[in-house]
Amino acid sequence: YKPCITYGPEFLTFDEKNNKIYFYAGTTMGGSGGAEFFVFSGDVKTQKIEYLETKFGPFVASMSPDNKYVVYHGMNFIDIYDPVSKETIDISAPYGEDKEKRSIIPDIIDIKWLSDTTFSYHEGTRHSKFQHSHDTMKENVYDIAQKKIIKSRQMNLSEFDHSQSPNEG
């Protein structure tokens, strides 16, 4: 991977239970359009590194409270990675158009663990990647065991803490 990696490695999260570190390295610094990033795990004891996947980023990650899942998110996606089965569940918020044919750009903003298998996240939309404020905001609760959103509610924009969003500001 060395010839094509120009950025990183960047720490994502640490799995204390299995003594593994998760990190990524990028093909470029990205800029406002993002870039391709290689996601890896590293076993602290054996010092072996394993390639997991290539993902558009940048993004951030966290471990589930029971250290069973690595969840990373950025821009319009959430990936739930199970290190035992090596399965990745991808939750992507689709790009779209409104009635006036303007682009609708989704943002996955934050993850808050509610239990070992459920987390909430905010999903905002805006019409331009250069637009700082969101047009809509909703809060979703996802259940990993059921592999689906189990609760969703539309929010007033005034309810949302804009300091959580990397696009706000």
Side-chain angles (χ1 to χ4, degrees), residues 1-96 104-125 129 137-153 164-167:
Y1 298 102
K2 191 174 183 179
C4 55
I5 291 177
T6 60
Y7 175 75
E10 287 291 317
F11 173 79
L12 288 171
T13 192
F14 182 65
D15 175 355
E16 291 180 46
K17 182 179 173 185
N18 297 304
N19 220 17
K20 284 190 175 186
I21 187 170
Y22 291 86
F23 61 97
Y24 67 68
T27 57
T28 182
M29 284 292 286
S32 63
E36 295 289 321
F37 287 82
F38 301 111
V39 183
F40 300 93
S41 68
D43 189 306
V44 176
K45 288 181 184 174
T46 65
Q47 297 186 347
K48 289 185 180 177
I49 295 174
E50 179 182 5
Y51 165 78
L52 302 178
E53 71 173 315
T54 301
K55 202 69 187 162
F56 200 76
F59 43 88
V60 295
S62 65
M63 294 298 301
S64 61
D66 63 356
N67 282 37
K68 251 182 118 170
Y69 302 99
V70 181
V71 174
Y72 42 95
H73 74 279
M75 291 190 230
N76 72 320
F77 74 89
I78 298 173
D79 272 3
I80 304 161
Y81 177 69
D82 180 344
V84 175
S85 71
K86 308 256 190 249
E87 177 187 17
T88 299
I89 301 168
D90 179 44
I91 306 169
S92 292
Y95 287 78
I104 297 175
I105 300 169
D107 283 318
I108 304 295
I109 299 165
D110 58 357
I111 298 262
K112 179 182 176 189
W113 286 98
L114 305 174
S115 73
D116 288 342
T117 61
T118 59
F119 58 87
S120 67
Y121 64 95
H122 291 99
E123 181 182 329
T125 61
K129 66 180 178 181
M137 185 64 61
K138 66 181 172 180
E139 181 180 40
N140 294 322
V141 176
Y142 189 86
D143 186 300
I144 297 171
Q146 297 182 48
K147 295 183 181 180
K148 68 178 188 177
I149 294 171
I150 57 171
K151 183 179 171 186
S152 184
R153 79 173 178 96
Q164 300 174 70
S165 173
N167 299 314

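Position 1 is the first residue of the sequence; numbering continues from there. Quick caveat: nothing in here was measured; it's all calculated off a predicted structure.
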Quick one: ring pair (Phe, Tyr, Trp, His ring centres under 6.0 Å) partners of F77, sequence neighbours excluded?
F59
Once side-chain hydrogen bond (donor to acceptor under 3.5 Å, both in side chains) is applied, do any residues pair with T88, and if so which ones, sequence neighbours excluded?
none
Could you walk me through whether L12 and V70 pass the side-chain contact (heavy atoms from CB on, under 4.5 Å) check?
CA-CA 9 Å; L12 288 171; V70 181; over 6 Å; no
By side-chain contact (heavy atoms from CB on, under 4.5 Å) - contacts of S120 (at least two apart):
K112, L114, E139, V141
Which pair of non-hydrogen atoms, one from V84 and one from D82, has the smallest distance, and what is that distance?
N-OD1, 2.9 Å
Search all heavy atoms of P106 against all heavy atoms of N76 and return the closest pair with its distance.
CG-CB, 3.6 Å
I49: partners by side-chain contact (heavy atoms from CB on, under 4.5 Å), with sequence neighbours left out
F23, F40
For K147, give me all partners under salt bridge (charged side-chain N to carboxylate O under 4.0 Å, His left out), at least two apart in sequence or on another chain.
E87
What do the steps show when you test Y22 against F14 for side-chain contact (heavy atoms from CB on, under 4.5 Å), and what is the final call?
CA-CA 6 Å; Y22 291 86; F14 182 65; over 6 Å; no
Contacts of type side-chain contact (heavy atoms from CB on, under 4.5 Å), residue V60, not counting sequence neighbours:
H73
Salt bridge (charged side-chain N to carboxylate O under 4.0 Å, His left out) filter on E50, not counting sequence neighbours, yields K86
Side-chain contact, heavy-atom cut-off 4.5 Å: K148 with D143?
no
Non-neighbouring partners of K20 that pass salt bridge (charged side-chain N to carboxylate O under 4.0 Å, His left out), sequence neighbours left out:
none
Please list, chain by chain and in numerical order, all residues satisfying side-chain hydrogen bond (donor to acceptor under 3.5 Å, both in side chains) with Y69, sequence neighbours excluded.
none
For residues H122 and M137, determine if any side-chain heavy atom of one lies less than 4.5 Å from a side-chain heavy atom of the other.
yes
Are side-chain N/O atoms of S64 and W113 paired as donor and acceptor at under 3.5 Å?
no
Quick one: do the Y72 and E53 side chains pair a donor with an acceptor below 3.5 Å?
yes
Working note: I149 + Y121, criterion side-chain contact (heavy atoms from CB on, under 4.5 Å); need CA distance, chi angles, decisive distance, verdict.
CA-CA 10 Å; I149 294 171; Y121 64 95; 3.5 Å; yes
Partners passing side-chain hydrogen bond (donor to acceptor under 3.5 Å, both in side chains) against N19 (at least two apart in sequence or in another chain):
none
Side-chain heavy atoms of F37 within contact of T54, under 4.5 Å:
no
Could you list the residues that satisfy salt bridge (charged side-chain N to carboxylate O under 4.0 Å, His left out) with D79, not counting sequence neighbours?
K55
Go through I91 and I80 one step at a time and tell me if the side-chain contact (heavy atoms from CB on, under 4.5 Å) criterion holds.
CA-CA 8 Å; I91 306 169; I80 304 161; 3.8 Å; yes
side-chain contact (heavy atoms from CB on, under 4.5 Å) with N67: which residues, sequence neighbours excluded?
D15, E16, K17, M63
Under the 3.5 angstrom rule, does the side chain of D107 hit a backbone N or O of I109 as a donor-acceptor pair?
no
